Every structure is written in structure tokens, then in C-alpha cells.
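The structure presented is a predicted model; accordingly, all values stated were derived computationally and were not measured. A note on names: the letters A, B, ... follow the listed sequences, proteins ahead of strands, and every chain is numbered from 1. Just the heavy atoms: all of them, side chains too, but no hydrogens, waters or symmetry mates, feed the values below.
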Amino acid sequence: MFIKSATELVKSSYFWEKSGVEYLQELNDVQAQAVTATEGPVMIIAGAGSGKTRVLTYRIAHIIRQGIEPYHILALTFTNKAAREMTNRIARVIGEVDARAIWMGTFHSIFSRILRFESDRIGFSSNFTIYDTDDAKSLIKTIIAEMKLDDKKYQTSQVYNRISSAKNQLISATKYAESPEWIEGDKFSNRPLIAEIYKRYAHRCARVNAMDFDDLLLRTNQLFASCPNILEKYQQRFKYILVDEFQDTNLVQYAIIKQLSIVHKNICVVGDDAQSIYAFRGANIENILNFEHDFPTLRKFFLEQNYRSTQNIVEAANSVIAKNTRQHKKNVWTGNQEGNKIKLFKATSDNEEGFLIAQQVFENKMNHHRLYTDFAILYRTNAQSRALEEALRRLNIPYRIYGGTSFYQRKEIKDLLAYFRIIINPNDDEALKRIINFPTRGIGKTTLDKILEAASDNDVSIWTMIENLQNVSIGISPAAMFKINEFRKMIRDFSMKLTQTNAFDLATVVASQSTLLTDLYKDKSPEGVSRYENIQELLNAIKEFSEGHGTEANGTSLAGFMEEIALMTDADNDKDQDKDRVVLMTVHAAKGLEFPYVFVTGMEEGLFPSQMSYQSRDDLEEERRLFYVALTRAMQQLTLSYAANRFKYGQPVFSEPSRFLFEINPACVEMQIRKQPSVSDKEQSHQPISLKTKRYIIPANSALKKPVNKLSHSSLPIIPLSELKIGMDVFHERFGEGTILTLDGILPNQTATIRFDDGEKRLLLKYAKLLMPQK
DNA sequence: CCAAAGATTGTCACA
DNA sequence: CAATCTTTGG
């Protein structure tokens with residue numbers, strides 16, 4: 001988009017024509033002060049909806065206006081999307097070219113760029129792979145298996161989380177092993193060997209030239225700490241540093257920006273402690289204190305006027321957040337009108353909740369002539385989206401879901417990407433394991449295990465081992481050897497094209513020669529067709545990439561594409577943004593956004609606040625901040641809902657309304673009288689929905705890939721777990737009728753032995769879904 | 001060696 | 001329920 005729209009031109013010349021700083025009149029006093037205080041350390045405490053982005057935008061413009069070159073500015077945002085939006089807004093003020101020259105992006109993307117450039121200083125090469133969470137976990141799993149540890153005790157994701165939080169607190173593998181605190185913690189939780197796993201994990205990542213998300217930050221910090229000249233180079237480059245969403249930064253991120261800014265001290269952090277919702281990821285509120293300590297000449301600005309929401313919404317949010325003990329006192333107020341009261345309704349089931357919301361969206365849109373994009377439906381967990389989607393489809397309301405399994409998580413996409421990864425970095429073990437026998441080429445488990453063991457013994461990557469197979473005798477049959485060589489030739493062949501061919505051409509060759517694409521083409525099942533289409537979509541994206549970035553340095557290469565998508569999330573994929581759709585997303589994903597109409601759903605104990613937050617006060621307070629974020633997304637109308645009965649893991653679960661609902665100032669809330677049992681009620685609980693009689697608009701980007709409706713085909717009532725007794729006759733979808741012989745264990749994990757016609761089975765009750773037998 | 005059936009297990013949020 | 005791991009039969 002190099003051609004500016006007419007309005008943009010007008011705006012930008014409007015800005016420039018002003019000789020002085022008259023544009024500051026568009027800001028309130030505090031905002032203007034925050035914009036013009038460009039020198040020295042600054043902290044902006046920005047309440048929800050207080051015009052934070054506007055301040056940041058003008059501040060950057062102001063700095064440039066004073067003659068600073070844009071490339072001396074580093075602006076760190078929380079998401080790629082935020083970075084892109086800010087770039088666009090700045091472009092409108094100072095022009096496209098200058099805006100693009102600013103170093104603007106997430107911590108991860110900016111520092112991975114720097115790491116690629118300086119990789120040799122820390123023993124990596126510039127083509128290092130970025131391991132996503134799946135890769136990292138898979139590697140950890142391998143290590144746990146190699147160490148012959150009990151995988152019940154050492155659960156992959158727990159180990160991963162432990163290592164990740166260590167990294168976020170600047171604890172390297174070496175430090176970890178030496179730290180009594182961490183070691184004791186592991187002993188206490190009966191996992192004394194995590195230090196060893198961490199060590200091996202770090203070693204393996206280095207061996208295969210890979211970094212996980214946390215490494216991107218940890219290694220950057222190490223780079224700066226250990227190479228003074230490199231640090232100095234970037235200190236000189238980044239004369240002005242801005243950090244958005246400062247409350248969500250962790251210790252490593254803080255350490256990095258501190259090092260970078262300690263010379264010029266022109267650092268501006270913007271945040272709101274009331275919106276800190278990423279402590280689970282290592283975000284550290286203490287950073288605010290650290291900052292005050294490390295930059296004593298700090299100036300603070302408090303943006304407290306909310307321009308976004310009605311009085312009712314602001315007041316409700318304030319009353320909730322006041323229940324937190326740990327918080328900076330702040331007085332968020334608004335000059336906006338009082339607005340409607342907050343609506344609150346109870347639904348009998350998650351399906352009904354969805355139905356009522358869909359209905360309200362429809363009515364409000366019609367009555368108030370709104371666009372669908374004016375509505376957002378928020379929830380605590382991604383799993384909740386299903387019932388909501390279903391309801392929206394029934395009413396033909398187009399929607400778009402953010403988050404959940406993103407496009408790049410799909411199996412077929414990951415398969416093809418694994419080929420690309422191997423071509424770029426042949427030592428990428430995780431990618432190699434994924435594709436060495438996919439599509440199947442006769443290199444089976446036995447053969448692979450031999451290679452893996454040999455690679456491990458020699459401390460080399462799998463690819464290196466393959467390249468040297470003829471020099472060792474590890475008992476691989478000539479037949480297998482032949483197939484390995486075929487594979488090797490194919491990859492080498494691709495690799496040779498890497499530098500000569502553009503991303504799209506190479507990707508096409510890989511997709512077809514690996515037979516990935518042709519195999520999928522042959523599969524005519526609905527899933528197969530959808531997978532084929534997904535691959536096509538990926539190829540299209542690559543095509544767009546290689547055509548669109550023609551001017552930038554590595555812009556047409558496959559490596560460039562992979563770099564771009566490695567750090568992308570589903571929220572960044574906004575190609576359908578211009579379409580008029582209702583938005584569905586988690587509260588986390590909604591941070592920083594605003595909508596005229598907001599629905600916050602699933603306001604139930606155990607869900608929001610999450611069950612897992614019950615143990616600690618801190619966690620509960622984080623949930624409350626999350627709720628605060630949810631409330632403050634709304635501009636005009638806020639609606640809260642909860643369901644008395646919700647399906648969890650395929651079992652209906654009763655729940656109480658969330659405690660948070662009782663924390664809202666009652667004066668702001670209006671109880672909705674629910675209408676009489678709706679159509680959906682009857683339909684959903686008793687008869688299977690007939691797909692034929694309903695018309696569906698399936699939004700292009702939604703998961704049309706999956707069959708829409710998988711309601712149980714049985715109409716028999718489900719027996720509540722508590723009513724199961726020994727000797728009782730039950731009915732099971734697959735096994736038929738049976739009799740309970742024994743019941744063991746305690747309720748959440750209770751099992752039963754049941755005699756069916758074809759033998760006895762042990763079933764975990766919470767999954768079994770036992771029905772009343774037909775009489 | 002491999003696909004398909006069977007069994008098990010898990011999910012809070014995310015770059 | 002859905003995703004993943006394990007077993008099984010060809």
C-alpha cells in the first residue's frame with residue numbers, strides 16, 4: 001500500500017503545515033505532556049481506553065519531528081498486529097517511508113532479526129530454526145524418554161513450563177543447576193532431574209541450530225551482556241526506545257531494554273498494572289518497580305481519562321478492580337455519557353447462551369443499524385467458541401474466530417513447512433523426524449531408531465548422521481540404506497535451489513516432488529479436500545510474499561517467509577479484516593481492542609475465574625484483572641452471561657455464577673428477564689438437528705473444514721456420575737448395554753468395570769458418557 | 001512396515 | 001470431546 005488515500009494525504013499535510021506543535025491541541029494536557037517529554041526516562045500509566053495508542057503515535061511523530069532519524073527509534077509492542085497498526089497510524093502522520101524505517105515490532109521479532117545478524121557471536125548460524133512450543137515439547141519428550149524417566153512424573157508440558165519460566169527469569173541451564181532455589185523446588189515437586197533435562201535440552205537446541213521462543217530473548221540478553229561492542233552498536237542505533245504493554249514484560253525483556261537504554265536513557269514505557277494478564281507467562285509487575293529504581297530521574301504521567309466507554313462501563317470496571325489488593329491507585333474516569341446499564345443474563349446451557357447472544361447481536365444490529373464488526377463475543381477459553389459458533393451459524397450471522405488452532409498449526413501445513421525448515425536448516429531434527437517418512441517412503445521406526453541412537457552417540461544432528469552413514473556400521477539394511485539415500489538426494493536437490501529460486505517456485509517444487517500435494521489431491525474425503533485447499537492457501541501466501549516484498553533484502557527467499565510466519569499468530573492473520581463479521585476471541589486476545597458491543601460469556605465459577613486460579617490469591621487477582629480487561633473493551637453496551645449447565649469434556653457440568661458478577665457495582669447492572677424456553681432449547685436437547693432444513697453461511701475463514709454437527713445420535717438421557725451404582729444397567733454408545741460390576745477411585749477420576757455383551761471393560765467415567773438403557 | 005482401531009489422556013491464556 | 005499415544009492385524 002504505497003498509494004495514500006485522499007484523507008491520509010489531507011491528514012498528513014495538515015500535520016506538517018502546522019509550524020509549531022499545534023497538533024498537541026488534539027490531546028489533553030497529560031497526553032500532550034507525555035508526548036513532548038521525549039528526553040530521559042518516562043513512564044506512562046495509561047488506564048483502559050485513555051488514548052494510549054494515540055499518545056505513542058504522536059510521541060514517535062514528535063521525536064522524528066525534532067530531526068531524529070526514524071531508524072534511531074525502537075518501538076516494542078506486544079503483538080505483531082499492534083505493531084502494524086501503529087506503523088500505519090504513524091505513516092498517516094509522517095509518511096510511509098519514515099514510518100517503515102522505525103524499528104517497530106514485538107520483542108521476539110525485533111530480536112530474532114538482530115540475532116540472525118549477530119548469530120556467530122553466540123555460536124549459532126544465521127539460518128537457525130525457531131522452535132515453536134510443539135517442537136520444544138517434542139524435543140523435551142525425547143529427552144525424557146532417553147533418560148528413561150517416568151513420563152507420568154516428568155510430564156512434558158510441566159517440564160517445558162518449568163524450563164520456560166526459568167528462561168524468563170534469566171536462568172540459563174548452567175545457572176539452574178547451580179541454583180539451590182530451583183533445585184529445591186524440583187526436589188519438592190519430586191522431579192529432581194529437571195536441571196539435567198534443561199541442560200540436555202539446551203545442548204540439543206544448540207546442536208541443531210534451533211532456538212525456542214524464550215531463547216530469542218535469553219540469547220539476545222546474553223549477546224548484549226557478553227559482547228560490549230555489539231551492545232554499544234545497538235545502544236547507538238536505538239537512541240529512543242518505547243515499550244508498549246510494559247506490565248506484560250518479563251525479566252529478560254526488561255534486562256534487554258535496560259541494557260539498550262542505559263546510555264541515552266531515552267526510554268518510555270507505557271502500561272497499566274490493572275491490565276497485567278500474562279503473569280502466567282513470566283510477566284513481572286516488579287518491572288515497574290525495577291524501572292523506577294534503575295532510572296531514578298524518571299518522569300511519570302497518568303492518563304486517567306477514559307475516552308472509550310460509557311460511565312456505566314467505567315464505573316463497573318472500577319468497582320471490580322478495586323477488589324484487588326495489589327494495585328497502583330488510579331482514578332479512571334470518563335466524560336462520556338452514562339449509557340445503558342450492563343446487561344446480565346443466565347442461560348440454562350452453553351447452547352442456549354450462544355443462542356441468546358446470537359439473537360441479541362441480530363436484534364441490535366437491526367434496531368441500531370450496526371455492522372457486525374461492532375460486536376465482539378469474548379470468552380475465557382477457546383473451547384467455549386464451539387457453542388457460540390453453532391448459534392451464530394443458525395442465525396446466519398457471519399463471524400470470525402481469532403486464536404484457537406491457527407492455520408499454521410494444521411497437520412498438513414506443518415508437514416510442508418517441515419520440508420522448508422529442513423531445506424533452510426538441515427540440522428533441524430524436529431522437522432526431519434516429521435518428514436523423513438512422510439509421505440511414507442519405507443524408512444520405518446526400526447531404521448530411524450538406529451539413526452537416532454547413532455546421532456545421539458556421536459552428538460550430531462540427525463542430518464549430519466545421515467550424511468555420514470556409510471562411515472559407520474549400525475546395522476541398517478541395504479534396502480533401507482537405498483531409501484535413505486533417495487531421501488537425502490531429494491533434500492539436497494531442494495537445498496541447492498534455495499538461494500537461486502524464489503520462495504514460491506521452490507515451495508511449489510517441494511510440494512509436488514515430495515508427493516505431499518499429489519497424495520492429498522487423491523484423497524477425496526472432505527478432510528482430504530480441505531487439506532489440499534489448505535496447502536494451496538499456503539502456496540498462495542508464499543506467492544504473495546515473494547511478490548510483495550520484492551524490494552527488501554531477503555524478501556523473496558523461502559527463509560524470509562519462514563522467518564515471517566514463525567512469530568506470527570492467528571490474530572495477525574487479518575486478511576479477512578475488511579469483511580463485516582462478528583468477532584469471537586479469548587479475553588487475552590482482545591487486549592488493546594475496543595468494540596461498541598461486547599459480550600463476555602461463560603461467567604461461571606471454575607471457568608472465569610478459572611478453576612486453576614483458586615489456589616493462590618495472586619492467580620485470582622490476575623483473573624480479576626483479566627475480567628477488568630474484558631469489561632473495558634466495551635464502548636457502549638456490555639452484556640455478561642453465564643450458563644447453569646455447560647458441556648465440559650463431553651460431560652454436562654453444573655456451575656455457579658462467577659463471583660466476579662457479584663463484585664460489580666449493582667447500580668451499573670440490569671438483570672435481563674430471560675424469555676421463555678427458546679426454540680433452541682427444545683431442539684437441542686431432544687432431537688438431532690436436521691442440517692437440511694437450516695441454511696448456513698459458512699464464513700470462508702472459519703473451520704468449515706470440520707463437520708459442523710456431531711451431536712450424539714442417541715436421544716437417551718445421560719446418567720449423572722453421582723447416580724451410578726454397582727449392579728446398575730447402563731447403555732454405552734459403542735459397547736451397548738452392560739452392567740456395572742465395580743466402581744473404583746474417587747469422583748473426578750472414578751473408573752468402573754462394566755460387563756458388556758462382548759466382555760468386561762474398565763472405563764474412566766468422566767469420558768464414558770453412560771446412558772440410561774432402553775427399556 | 002503401516003494403516004486403522006483402540007486406549008488413554010488432557011486443555012487456561014500466548015509469542 | 002478431540003488429540004495423541006499404543007496396540008493390532010494385515
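Within 4.0 Å of A:Ser613, counting heavy atoms only, lies no atom of the nucleic acid at all. Nucleic acid contact for A:Gln155: sugar-phosphate only, since backbone atoms but no base atoms lie under 4.0 Å from a heavy atom of the residue. At the heavy-atom level, A:Lys152 lies under 4.0 Å from the strands shown only through sugar-phosphate atoms.
Contact between the side-chain N/O atoms of A:Thr447 and the OP1/OP2 oxygens of B:dC1 is found at a separation under 4.0 Å. At the phosphate of B:dA15, neither OP1 nor OP2 sits under 4.0 Å from any side-chain N or O atom of A:Asn168. One finds a side-chain N or O of A:Thr446 lying less than 4.0 angstrom from the OP1 or OP2 phosphate oxygen of B:dC1. For the OP1/OP2 pair of B:dC12 and a distance below 4.0 Å, the side-chain nitrogens and oxygens of A:Asn382 include no atom meeting the criterion.
Contacts of A:Asp132 classified as side chain to side chain contact (heavy atoms under 4.5 Å, CB included), with partners at least two apart in sequence or in another chain: A:Asp134, A:Asp135, A:Phe213, A:Gln409, A:Lys414. For A:Glu622, the side chain to side chain contact (heavy atoms under 4.5 Å, CB included) criterion is met by A:Ala279, A:Phe280, A:Arg625, not counting sequence neighbours.
Both tests hold for A:Arg400 against A:Tyr402: distance to the six-membered ring centre under 6.0 Å, angle to the ring axis within 45°. Annotation: cation-pi pair A:Arg116/A:Phe128 present, NZ/CZ under 6.0 Å from the ring centroid and within 45° of its normal.
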For residues 137-145 of chain A, which side-chain N or O atoms pair as donor and acceptor with protein atoms under 3.5 Å away, sequence neighbours left out?
from     : atom 1 : to       : atom 2 : distance (Å)
A:Ser138 : OG     : A:Glu430 : OE1    : 2.4
A:Thr142 : OG1    : A:Ser138 : O      : 2.8
A:Thr142 : OG1    : A:Lys433 : NZ     : 3.3

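Atom-to-atom, NZ of A:Lys137 to P of B:dT9 comes out at 17 Å; the value is rounded to the nearest Å. If you take CZ of A:Arg625 and C1' of B:dC12, they are 15 Å apart, rounded to a whole angstrom. One interatomic measurement links the two molecules: CD of A:Gln409 to C1' of C:dA2, which rounds to 15 Å at whole-angstrom precision. The distance between atom CE of A:Met585 and atom C1' of B:dC14, rounded to the nearest whole Å, is 14 Å. Per the geometry, OH belonging to A:Tyr379 stands 15 Å off P belonging to B:dC12, to the nearest Å. One interatomic measurement links the two molecules: CD1 of A:Ile476 to C1' of B:dC1, which rounds to 15 Å at whole-angstrom precision. The distance from atom CG of A:Leu607 to atom P of B:dA13 is 10 Å, rounded to the nearest whole Å. Atom-to-atom, CD1 of A:Ile277 to C1' of B:dA13 comes out at 8 Å; the value is rounded to the nearest Å.
By the 30° and 60° cut-offs, the orientation of the rings of A:Phe107 relative to A:Phe111 is tilted.
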Where do N or O atoms of nucleotides 2-5 of chain B meet protein N or O atoms at under 3.5 Å, pair by pair?
from  : atom 1 : to       : atom 2 : distance (Å)
B:dC2 : OP1    : A:Gly442 : N      : 3.4
B:dC2 : OP2    : A:Asn437 : ND2    : 3.0

Enumerate all atom pairs, one protein N or O and one N or O from nucleotides 5-8 of chain C, separated by less than 3.5 Å.
from  : atom 1 : to       : atom 2 : distance (Å)
C:dC5 : OP1    : A:Lys141 : NZ     : 3.2

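Between the CD1 atom in A:Ile484 and the OG atom in A:Ser477 there is a gap of 8.0 Å [rounded to 0.5 Å].
Distances from the side chain of A:Thr586 to the nucleotides C:dA2, B:dC14, B:dC12 place B:dC14 closest. Here the side chain of A:Ala589 is nearest to one of B:dT9, B:dC12, B:dC14, namely B:dC14.
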Derivation and outcome, side-chain hydrogen bond (donor to acceptor under 3.5 Å, both in side chains), residues A:Glu623 and A:Tyr628: CA-CA 9 Å; A:Glu623 292 284 310; A:Tyr628 175 79; over 6 Å; no
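Of the residues in residues 106-115 of chain A, those with a non-hydrogen atom less than 4.0 angstrom from any atom of DNA chain B are A:Thr106, A:His108.
Taking a cutoff of 4.0 Å between a charged side-chain nitrogen and a carboxylate oxygen, A:Arg113 and A:Glu563 do not qualify as a salt bridge.
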